[in-house]
Amino acid sequence: MDQGKISAGQLTLLIMSFTIGSWVVLPTGIQAWQNLWLIMFMGLGTGLLFAYLSLFLFRRFPGKTLFEIHERVYGPVLGKFISLCFLWFFLQTGGGTLAIFKTLLRSTVFTATPDLAILVPLILILVYGCRRGIEVIARSNQLLIMSTVGLVLVSILLVVNIFNPENLLPFFNLPFSEVIWTSISLAVFPFGQNVLFMMILPRVNRWQKVNGAVLKGMIGAGLVLSTIQFLAVGVLGKSGQILVFPTYEFYRMINIAQFLTRLELIPLLNFLTMGFIKTILCLYALAVGTAQVFNLRTYRPLALPFGLFLLLVAERIFPSISEHMRYLEEVQTFFGLIFSLLLPMMTLGIALLRGLPRRRMAP
Amino acid sequence: MILLVVGVFLLLFLWEAPGLVAKEYWRELAVFTILLLIGLVFSLLLVGGVELPYIESFWIKVFAKVGKALTPGS
Amino acid sequence: MTGKLQRRKRLKKGQGLLLLLFLVLAGGCWDRRELENLAVVLGMGVDFPAQGEGYEVSFQIVRASQIQTPGSGVGGGGGGESKPVWLLRSTGPTFFEAVRNATFQSSRRLFLSHNQVVIISTEVAKKGILPALDFLIRDPGPRNTQWLLLTPDDPGQLLDAAAGLERVSALAITDLIQDYHLTSKIRPVKIGDYVEMMMQKTSANTLPVIRIKENAGKKELLLDGTGVLKDDRLVGFLNYKETRGLLWILGEVKGGLITVDLPGGGKATCEIFTAATKVKVEARADQVHVKIEVKVETGLGAQTTYDDLSTTGQLKKLETLQGKAVEDEIRAALAKAKEYKADIFGFGEYLFKHDFRTWQRLQKEWERYFVDAQVEIKVEAKVEGIGLVTRPANYQAPEE
Amino acid sequence: MFDFLRRKLRLAHLRKGKPAPRTHRDLSPDLKTNLTAIRRELGASPDLIIRCLKLGSGAEGTGALLFIDGLIDQQVVNRDVIFPLLNGVKRGKFQDGDDLLKYLAQNVLAVGEVKKEPQFGPVVEALLEGETILLLDGHDEALLLSTKGWEKRAINEPDAERIILGPHDGFTENLRTNTAMLRRKITDPGLHFEEMKLGRRTRTGVVIAYLKGVVNEKLVEEVRARLKRVNLDMVLDANYLNEFISDAPLSLFPTVTFTERPDVVAAKLLEGRVAIFVDGTPVVNTVPALFVESFQSPDDYNFPFYYATFIRWFRYLSFFLGVLSPALFVALATYHQELIPTSLLITINAATEGTPFPLAVEMVMMGAVFEIIREAGIRLARPVGQTISIVGALVIGEAAVTAGLVGAPTIIVTATTAITTFVVPDLLGPGIYLRLIYTILAGVLGAYGILIGLLFTLLHLVSLRSFGTPYLSPLAPISAGDFKDVIVRAPIWALGTRPRMIGWPRPQRQPIGFPPSGDEGEEGEAEDDG
């Protein structure tokens with residue numbers, strides 16, 4: 001198994017990148033357009049609630065990954081089965097992220113390039129990075145997330161001349177039920193997918209600090225996403241609602257002195273690095289999880305086949321981007337709820353009922 | 001094309017396997033091989049022009065009814 | 001130190017990976033476009049073809065080598081010098097098809113990403129603009145910041161017209177449009193803005209109009225008023241004055257001149273320094289009330305009388321006159337808009353943003369409410385500067 | 001295939017060679033036998049001088065002095081060894097029965113270091129290292145007299161690392177001179193040197209230097225262990241060890257830094273690093289090496305901090321420009337033309353019209369031409385070299401453009417690259433490779449290709465370690481406290497702590513300061529005491 005350790009600060013940044021991951025490119029809850037940046041915070045609150053349920057579980061079993069907890073709580077057979085379900089969830093999350101970025105690249109810059117040419121190099125470095133362990137992932141993420149946050153801050157300056165605050169009105173013109181629905185769907189995606197970190201938390205060198213790190217990471221991600229959405233609404237106005245990639249496309253409107261124009265390539269690549277981190281974490285969770293399910297001594301050889309699976313899934317996950325958007329709007333919430341809320345809650349419930357763990361692990 | 005795919009997989013296998021054999025990681029080798037074989041099968045199906053079902057379309061079908069019932073305003 | 005050995009081994013894997021990366025990438029370069037194979041399009045015109053269906057699109061393509069680059073020295077001199085731009089016309093059932101069909105005539109691929117202006121003939125505008133321009137919005141290539149213009153003439157000929165000081169007429173048009181604030185009698189519209197306005201259910205769009213002006217046998221360009229589009233279709237035009245009125249209401253007056261007739265004969269022209277507009281829309285009972293407050297600060301720029309306009313009293317009078325003039329312009333615009341039943345001012349959008357409930361109630365019959373709307377206009381003009389001169393040189397103070 | 005290669009490489013790397021057989025014989029009491037044996041061992045070398053002599057009155061004895069001509073200080077041997085031996089043994093002081101050798105060492109020989117050696121092997125070694133051997137008939141031990149002295153180069157400024165302000169002395173090829181220069185910089189009893197001989201045939205002196213109390217002891221042990229593992233025939237330069245002891249011998253990036261400047265070495269030791277001196281080369285290795293070290297110049301600390309910070313930023317900028325500008329240009333001009341401002345696009349379009357090659361090929365070609373010109377310029381005699389550079393750059397560039405082979409923008413970009421690369425000389429090697437890789441990737445996949453390349457480089461860099469220290473620290477893992485000497489160059493009084501990743505055993509360097517108050521000096525005084 002991976003012996004690398006990451007610090008709580010690195011965990012915070014990983015959670016930020018992971019959450020920003022794909023939502024930043026393909027946002028959900030577009031029907032709440034002007035208010036999405038506000039509802040984001042409601043979603044964040046709900047998401048934090050979910051996260052803390054899982055964290056509660058983790059703090060009962062410090063130093064154990066989700067899969068090890070499963071085996072403790074459900075016994076080897078049922079535990080393994082539930083772990084396999086989670087593997088499917090990770091595979092789908094990672095593959096979906098890849099698919100989003102593949103579509104983004106193919107519908108903007110590389111219209112003629114075949115899927116494979118885009119995906120294969122990416123998969124290769126994903127596998128390469130995954131084999132190097134969580135330490136390397138966390139460290140490279142530190143630089144990548146910095147550049148993304150920097151980009152967001154800079155873009156605030158860049159859009160000053162085209163930002164129209166009027167576009168943010170009206171506040172809360174939605175029926176209340178829809179606000180709730182949107183915030184729940186936001187809590188599941190992007191925030192709920194953080195359940196994947198249950199595979200990574202044991203790698204944090206000070207598990208007592210995990211709670212704070214998760215809180216900071218998710219709030220940070222919420223702020224970044226909300227800012228981007230805020231800018232997109234202010235710049236694009238209502239026309240953003242008909243765009244496939246509104247959060248990215250508002251960069252197309254930037255025009256500084258007729259010279260700095262068409263800058264969208266920079267956020268495109270920057271967001272791609274966020275997707276890269278998200279996918280690499282999925283790949284890592286897949287490899288480590290499988291290794292734990294089969295009681296292997298190392299996860300490293302599994303990175304390659306799972307990289308391949310991600311490639312296949314990314315190819316065959318959606319017939320088209322509109323199907324993908326439909327999935328995100330209609331299905332994702334239920335699907336995600338099962339994994340980010342129901343299953344951990346069930347595990348926690350059964351653990352509590354069975355009085356596990358029997359002896360306290362650490363003070 | 002099929003040959004190419006098989007070749008690539010063989011290459012991947014040869015890349016990884018000797019290290020595992022050297023360390024006598026037999027279980028790891030077994031899982032690795034099985035996973036790679038699954039990958040190979042799907043890749044061959046894809047290359048061979050077999051229409052694999054789209055993953056999410058399945059879930060959409062499953063959840064569409066639930067979604068209809070629960071989504072307000074649609 | 002087995003750890004070290006392991007590290008070494010992993011590293012070698014990394015190198016191998018790099019090698020594999022190259023093998024994979026050696027495949028080909030699909031989206032590559034060599035610069036020298038590009039035909040950079042700077043302006044486009046859309047019209048209906050003389051016969052048949054679809055659209056006729058004119059492209060203004062730069063001949064890069066003909067645009068003298070500083071330092072190249074030799075390039076320009078040659079005998080049969082061709083024009084720096086090339087006008088290419090192509091037709092197709094859709095805009096996209098027309099773009100592709102251009103490859104029948106052009107040795108190089110059309111490159112639309114740098115296109116600056118799109119000129120739409122009024123014929124097309126009458127049938128609807130979005131169907132014609134959908135490609136430009138959907139495709140990742142073209143910019144969202146292209147300027148949209150209408151022309152009653154043939155857009156192709158327009159693009160071919162002499163560009164004055166510029167070598168490329170599309171760039172000339174861009175400059176013309178961007179200088180709108182010198183007069184504030186034209187309202188520039190970007191393609192992104194147009195789409196944004198179309199998303200607003202109750203609003204109507206405007207586009208600037210450009211046409212060809214014959215000058216001593218040479219064709220030149222002239223920006224001429226504004227076209228009003230309701231529901232994506234051209235319904236009428238605004239002249240300069242009405243356009244200014246529109247800009248007053250939208251708060252987009254950035255500069256320009258106000259000329260007033262003085263009571264004692266003669267005229268005075270003031271330059272607008274700053275202008276600010278506040279619009280408030282309220283729905284009382286069954287009627288929409290619009291309150292427009294304009295504050296404008298100007299400076300006396302020219303007068304055609306021998307009077308001393310620089311005295312406090314005279315300036316006060318001037319201010320009142322200016323207020324009247326501005327109100328006049330606004331009234332004119334309002335009248336035209338009501339005539340066309342087109343809410344080009346975004347009054348409905350204002351309601352949407354500030355009073356969503358009311359908007360929901362009124363939006364279905366917004367046209368009616370808009371026409372019946374009561375408009376209250378308050379203009380506060382202030383003359384702040386008088387230039388470098390107080391009174392005309394030969395001014396004689398009247399003996400009292 | 002890879003595995004085969006890998007095994008091959010590993011074998012080459014780790015194959016254990018047997019050290020050359022060394023004689024462990026004892027010396028014989030018979031002088032003649034000993035001399036014959038030494039003659040046989042060294043062959044008929046003309047530089048082996050054997051001076052037979054009879055000891056002066058007082059003690060009877062026949063002896064022989066042996067030394068290698070050129071390795072010893074003639075004056076010392078003549079004045080302080082031969083002369084006293086011939087004249088200095090005074091009757092009365094020396095009683096029969098005393099150990100003659102001990103007597104000679106204590107009373108007669110006027111040299112600093114005298115050692116007794118009973119074995120044959122070490123005697124020969126000492127002889128070859130420049131010591132003078134005194135053999136006496138009837139004694140089975142030899143005296144080794146330290147009379148080393150050979151021609152040295154004078155201390156002058158290293159050519160490769162020029163600075164404007166600050167000390168201008170550089171290391172020489174002489175190990176002792178070098179360590180002495182370091183002693184002159186750091187007068188601290190904690191400055192320890194450990195010597196070992198490496199290279200089976202060259203027997204090169206290698207010295208590990210560190211500052212006890214500042215350095216992490218584990219690091220010293222690690223350096224010692226790695227040096228012990230070095231099993232080489234020859235160690236002619238610091239780089240011989242460098243490639244052997246670095247963590248990632250196949251990485252493009254240097255995980256061992258080197259310098260020719262004593263002030264640099266001193267500063268690094270004071271940060272908690274370990275220096276490795278190698279006899280016979282003015283180059284000194286220091287470990288652990290960090291990526292950001294390549295961007296720090298000694299001049300940074302000799303100039304006011306605001307200026308130094310500014311210059312440092314430009315060094316970062318230059319490196320990224322040097323590595324990325326061809327790739328970015330290729331990506332922009334062949335994939336993302338929409339990003340180029342319109343007027344510039346038209347200009348470039350006009351300039352590249354009619355060139356026969358794809359831009360990426362053009363770029364790689366010109367890059368190669370540039371590297372060749374550079375290499376030619378370095379290898380040739382200096383005046384000619386400069387001519388080559390100018391002729392190469394101007395004539396080839398100009399001619400290629402006029403002939404329409406390449407576009408003028410390509411030349412401009414290549415020239416930019418050429419200049420910017422030299423700003424960070426430490427990373428010249430990685431720079432060349434990265435530039436090539438990125439350019440090719442950009443030619444294939446545009447900006448996405450560059451991103452892939454950058455991500456790969458990033459992953460590689462963060463996984464590198466140099467003697468346990470993450471290579472990319474303090475950037476990743478972030479240690480914000482160290483940014484004061486990385487992102488900026490903070491004022492000297494603010495550089496209160498050593499780099500956290502290296503100098504953690506004793507992090508504080510000086511009172512962590514505020515601007516020293518200029519008025520009374522009270523505060524400053526108090527701080528000095530603390």
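Residue numbers begin at 1 in each chain, while the letters A, B, ... track the order of the sequences. If you're wondering where the values come from, they're calculated on a predicted model, not measured in any experiment.
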- Message: Rounded at 0.5 Å granularity, tell me how far CG in Leu124(A) sits from CD1 in Ile452(D).
- Response: 8.5 Å
- Message: I need the full list of salt bridge (charged side-chain N to carboxylate O under 4.0 Å, His left out) pairs touching residues 311-333 of chain D, with sequence neighbours left out, sorted by first then second residue.
- Response: Asp300(D)-Arg312(D), Asp300(D)-Arg315(D), Arg312(D)-Asp485(D)
- Is a donor on one side and an acceptor on the other found under 3.5 Å between the side chain of Tyr448(D) and the backbone of Ile118(A)? yes
- Message: Restricting to non-hydrogen atoms, name the atom on Leu143(A) and the atom on Ala476(D) that form the minimum distance, rounded to 0.1 Å.
- Response: CG-CB, 4.1 Å
- Item | Leu451(D), part contacting chain A, at a heavy-atom distance under 4.5 Å | side chain
- So which heavy atom on Ser463(D) is nearest to which on Val136(A), and how close? CB-CG2, 3.4 Å
- Among residues 270-285 of chain A, which ones touch chain D with a heavy-atom distance under 4.5 Å? Leu272(A), Thr273(A), Phe276(A)
- What part of Leu472(D) gets closer than 4.5 Å to chain A, counting heavy atoms only: side chain, backbone, both or neither? side chain
- Item | Pairs involving residues 114-127 of chain A, ordered by first then second residue, that meet salt bridge (charged side-chain N to carboxylate O under 4.0 Å, His left out) (sequence neighbours left out) | Lys102(A)-Asp115(A), Arg106(A)-Asp115(A)
- Item | Other residues, nucleotides, ligands: >12 heavy atoms within 6.0 Å of Lys484(D) NZ | yes
- Message: Please check: side-chain N/O of Arg139(A) versus main-chain N/O of Val462(D), any donor-acceptor pairing under 3.5 Å?
- Response: yes
- Item | Partners meeting side-chain contact (heavy atoms from CB on, under 4.5 Å) with Leu332(D) (sequence neighbours left out) | His336(D), Leu339(D), Ile340(D)
- First locate atom CZ of Arg132(A), then atom CG of Leu464(D), and finally report the distance between them rounded to the nearest 0.5 Å. 7.5 Å
- Message: Check this for me: Lys5(A), atom NZ, are more than 12 non-hydrogen atoms of other residues, nucleotides or ligands nearer than 6.0 Å?
- Response: yes
- Query: What distance do Thr113(A) atom OG1 and Tyr335(D) atom OH have between them, rounded to the nearest 0.5 Å?
  - Reply: 6.5 Å
- Query: Which value, rounded to the nearest 0.5 Å, describes the distance between Leu459(D) atom CG and Ile137(A) atom CD1?
  - Reply: 8.0 Å
- Task: Please report the shortest heavy-atom distance between Gln142(A) and Leu475(D), naming the atom on each side.
- Result: OE1-O, 4.3 Å
- dist Leu269(A):CG -> Ile450(D):CD1 (nearest 0.5 Å) comes out at 8.5 Å
- Query: Just wondering, more than 12 heavy atoms not from Phe483(D) lying within 6.0 Å of its CZ?
  - Reply: yes
